[in-house]
Amino acid sequence: MHYDKKMINRINRIQGQLNGVIKMMEEEKDCKDVITQISASKSSIQRLMGIIISENLIECVKAAEDNGENSEELINEAVNLLVKSK
């Protein structure tokens, strides 16, 4: 699978969020603020996982169709990955 620049940029933003959480903890910021940042990081990771899974699914289904294969199993696998990511 090809991971494009947008995906890598998302990871860089998530790293920035997590570094911000570390700084907040070191500065002993209010727990509500820390949890808010952690929650934002978690949401960002989940969105990225969804993007990766859907992009991969599109590639796999196209390849299966080109080869005359049934794509139902691939779709079920992608749905399972999405469920696990929650």
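As a basis for the values below, the full set of heavy atoms in this structure was taken, side chains included, without hydrogen atoms, waters or symmetry mates.
In this structure, K32 and T36 approach most closely via the heavy-atom pair O-OG1, 2.8 Å.
Note on I53: it does not cluster hydrophobically with I58, by side-chain heavy-atom contacts below 4.5 Å among ILVMFWY residues. Cluster annotation: L18 and M24 are assigned to distinct hydrophobic clusters (Ile/Leu/Val/Met/Phe/Trp/Tyr, side-chain heavy-atom contacts under 4.5 Å, transitive).
If you take CZ on R47 and CD1 on I14, they are separated by 8.0 Å, rounding to the nearest 0.5 Å. We find the CD1-CG distance between I52 and L57 to be 13.5 Å, quoted to the nearest 0.5 Å. Here the OG-CD distance, from S39 to Q17, works out to 10.0 Å after rounding to the nearest 0.5 Å. The NZ atom of K29 lies 8.0 Å from the NZ atom of K23; values are rounded to the nearest 0.5 Å. Here the CD1-OG distance, from I38 to S43, works out to 12.0 Å after rounding to the nearest 0.5 Å. Considering NZ of K42 and CD1 of I35, their distance stands at 10.5 Å, rounded to 0.5 Å.
Under the 4.5 Å side-chain criterion, counting only non-hydrogen atoms from C-beta, M25 is in contact with V21. Between I51 and K6, every side-chain heavy-atom pair lies at or beyond the 4.5 Å cut-off. Looking at M7 and E55, their side chains come closer than 4.5 Å, going by heavy atoms from C-beta outward.
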**Prompt:** Can N80 and E77 be said to form a side chain to side chain contact (heavy atoms under 4.5 Å, CB included), step by step?
**Reply:** CA-CA 5 Å; N80 288 333; E77 185 179 333; 5.5 Å; no
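A 6.0 Å sphere centred on CD of E27 holds more than 12 heavy atoms belonging to other residues, nucleotides or ligands.
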